[in-house]
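Each ligand, and each atom within it, is numbered from 1 in the order the structure gives. Computed from heavy atoms alone, side chains included, the values below leave out hydrogens, waters and symmetry copies. Computed from a predicted model, the values in this text were never measured in an experiment.
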Amino acid sequence: MNSMERHFDFLIIGSGVAGLSFALKVAEHGSVCIISKTKLEETNTSYAQGGIAAVTYAPDSYAKHIEDTMIAGDGICNRDVVEMVVREAPERIQELVSWGAQFDIKEDGKFDLNREGGHSEHRVLHHKDNTGFEIQRALTQRVKNHPNIQTLDYHFGIELITQHHLGMQVTRRTPDIACYGAYVLNMRTNAVDTILSKVTYLATGGSGNIYQTTTNPLISTGDGPAMVYRAKGAVEHMEFVQFHPTSLYNTGERPSFLITEAMRGFGAILKTRDGIEFMHRYDKRESLAPRDIVARAIDSEMKASGSDFVYLDCRHLDSEKLATHFPNIVDKCRSLGIELDRDMIPVVPAAHYFCGGIKVDTNGLSSIAHLFAGGECASTGLHGANRLASNSLLEAVVFSHRSAIKAIETKSLVRFTQGVPDWNDSGTSNPEEMVLITQNMKELQQIMSYYVGIVRSNLRLKRAFDRLEILYRETEDLYKKSTLSQQLCELRNAITIGYLVIVQAKERKESRGLHFSIDYKKKHREYN
Ligand code: FAD
Ligand code: SIN
């Protein structure tokens with residue numbers, strides 16, 4: 001199949017909230033191409049339930065939102081970034097509203113605000129229990145109607161193009177690595193196209209699928225950070241993997257269905273399989289403590305009792321109000337025979353969010369010139385060692401705005417690079433058996449779940465590292481010999497992400513936030 005070379009001022013890899021909001025801003029200043037590896041709307045963004053955090057009314061204040069974010073982050077947040085994001089939040093929310101996103105309004109005309117774990121106030125704007133779907137809907141509609149934006153679905157970003165592809169040696173010490181675009185697999189034709197750009201924006205979302213149980217859709221295989229790492233760019237804080245405490249226990253379902261934290265904010269209570277409350281034994285904020293604490297508490301209760309889940313009890317809550325606020329969750333539970341006024345919901349922690357990622361500055365610029373990153377694939381300094389609930393959608397819109405301003409400036413200073421060769425796939429053939437790929441992915445997920453999950457140790461990390469090395473060698477060998485496929489590229493990326501999580505976890509000789517090791521005494525947080 002013939003490959004093509006295309007030119008765009010702005011290439012955006014990813015069509016969630018980060019990619020689309022960036023696109024809408026830069027499209028006024030040049031040609032834009034957005035690629036997504038499956039349907040445009042199949043993103044983590046579409047699955048977001050609880051909402052987007054922002055200070056809206058007194059008694060809430062910037063100071064409180066800043067403090068809650070800092071506390072959740074367990075001492076590693078960048079305070080300047082936290083202050084910037086919290087203060088810029090209201091303007092970005094207004095912008096989302098002006099773009100057509102609808103957030104629930106109370107009878108008095110004010111926004112209806114949810115409360116989630118780690119928040120000292122009700123401050124989460126939401127659209128029922130499917131806020132992300134609403135934001136994705138509004139942004140997608142605008143993007144599709146914009147004359148300067150071309151969307152290419154079923155296009156898979158394989159590698160960033162840098163000096164390496166022009167025949168120069170690039171190492172982690174090379175000071176001026178620059179990005180000229182990306183090689184992209186057109187999954188309809190199987191051709192690898194060269195997309196050259198003046199600015200590239202990575203918005204590839206999360207990496208949850210390196211674990212056996214995750215709330216993330218299948219697209220989340222860490223492609224962005226893996227591409228940056230291979231291009232010798234900086235990737236940081238990968239050890240801080242957030243497990244959401246309450247995904248629905250329903251064996252075989254992937255992704256795991258989320259039971260939003262907003263339900264606990266609404267009064268739902270965690271209980272053991274015997275129906276006994278337990279969170280007061282772990283934290284004075286009980287079911288509304290930050291996620292790392294609640295997930296570890298559940299993990300510990302499950303291990304002590306040998307149970308595969310704990311319960312979330314909503315039976316004491318007003319069922320009409322529950323149905324109004326959480327219609328999708330009520331329907332989902334009902335489809336499994338769980339009636340919330342009669343039954344408790346079985347829940348279990350699941351890999352949910354990566355706090356670390358591609359290291360960026362306050363404009364979202366990565367360590368590679370002309371390459372920006374935003375949304376979940378970026379590490380901005382906002383989340384530190386543990387993300388505060390509903391700060392992710394917020395981070396994406398604040399940083400997309402800042403990146404767009406800088407990217408527009410960059411675009412006017414940069415020319416398209418000449419002489420980039422076509423993708424070289426000589427000497428490759430179709431892999432003999434798909435099972436070589438799928439089985440390695442399953443093994444990776446097992447290794448990460450058993451040894452690099454909620455609770456870690458030096459020994460477990462070493463085991464994970466040793467086993468991953470075998471998978472790495474086998475997969476690189478396969479990659480060299482095989483024609484490209486989405487599954488093979490994803491496996492390769494997922495292994496890179498697993499490697500980064502393990503290596504960065506090994507380097508952290510303490511327990512902090514989401515990284516908990518039985519070999520290092522927990523530094524007790526002051527507020528406990
Ligand atoms: P995504 O929305 O994940 O989009 C990623 C895009 O990248 C997709 O278009 C995908 O196709 C594309 N892509 C990836 N790799 C490639 C590649 N190699 N080539 C081409 N395209 C590629 N956060 C909150 O703040 N509030 C919430 O209430 C909330 N609830 C959540 C509930 C669930 C179930 C989940 C899973 C997450 C939730 N989060 C929430 C987190 C939040 O939704 C995500 O962090 C955020 O939406 C990420 O947005 P994004 O734009 O960075 O990436
Ligand atoms: C949730 O609704 O519980 C998820 C919120 C988040 O991940 O920020």
Only heavy atoms count here, so choose which of [options] is nearest to [atom].
| atom | options | answer |
| --- | --- | --- |
| atom 25 (O) of ligand 1 | L393, L139, N493 | L393 |
| atom 15 (N) of ligand 1 | T131, N114, D223 | D223 |
| atom 51 (O) of ligand 1 | G19, A18, S15 | A18 |
| atom 53 (O) of ligand 1 | G50, G205, A226, G14 | G205 |
| atom 39 (N) of ligand 1 | M187, E116, H352, K37 | H352 |

Polar proximity ligand 1 side, [X] side, N/O cut 3.5 Å exclusive:
| X | answer |
| --- | --- |
| V17 | yes |
| N44 | yes |
| S36 | no |
| G157 | yes |
| E376 | yes |
| T215 | no |

Parallel, tilted or perpendicular: ring planes of Y249 versus F309, cut at 30 and 60 degrees: tilted
Aromatic ring pairing H65/H119, orientation class (parallel under 30°, perpendicular over 60°, tilted between): tilted
Interfacing atoms of ligand 1 (cut-off 4.0 Å, heavy-atom, [X]):
| X | value |
| --- | --- |
| R387 | 23 (N), 24 (C), 25 (O) |
| G375 | 52 (O) |
| G16 | 2 (O), 4 (O), 51 (O) |

Ring centers of Y180, H165 separated by less than 6.0 Å: no
Ring-ring centroid check Y201 F22, cutoff 6.0 Å: yes
[atom]: nearest protein contact (heavy atom, Å):
| atom | answer |
| --- | --- |
| atom 42 (C) of ligand 1 | S392 OG, 3.6 Å |
| atom 49 (O) of ligand 1 | T45 OG1, 3.2 Å |
| atom 26 (N) of ligand 1 | G51 O, 2.7 Å |

Donor-acceptor pair, side chain of S400 and main chain of V397, under 3.5 angstrom: no
Between [X] and [Y], does at least one N-O distance fall below 4.0 Å, as a salt bridge requires?
| X | Y | value |
| --- | --- | --- |
| K25 | E95 | yes |
| E395 | R387 | no |
| K39 | D153 | no |
| K198 | D9 | yes |
| E116 | R285 | no |
| E159 | R230 | yes |
| E490 | K37 | yes |
| E261 | R264 | yes |
| R296 | D292 | yes |

Side chain to side chain contact (heavy atoms under 4.5 Å, CB included) between H237 and K359, worked out: CA-CA 9 Å; H237 288 170; K359 186 176 181 195; over 6 Å; no
Under-4.0 Å heavy-atom contact with ligand 1, by part of Q49 that carries it: backbone
Region of H155 engaging ligand 1 - heavy atom pairs below 4.0 Å: backbone
From T214, T215, T213, residue fulfilling side-chain hydrogen bond (donor to acceptor under 3.5 Å, both in side chains) relative to H352: T215
Under 4.0 Å from ligand 2 - residues by heavy atom, chain and number: Q49, G50, E116, H244, L258, T260, E261, R291, H352, R387, A389, S390
Sub-4.0 Å heavy-atom approach of A203 to ligand 1: yes
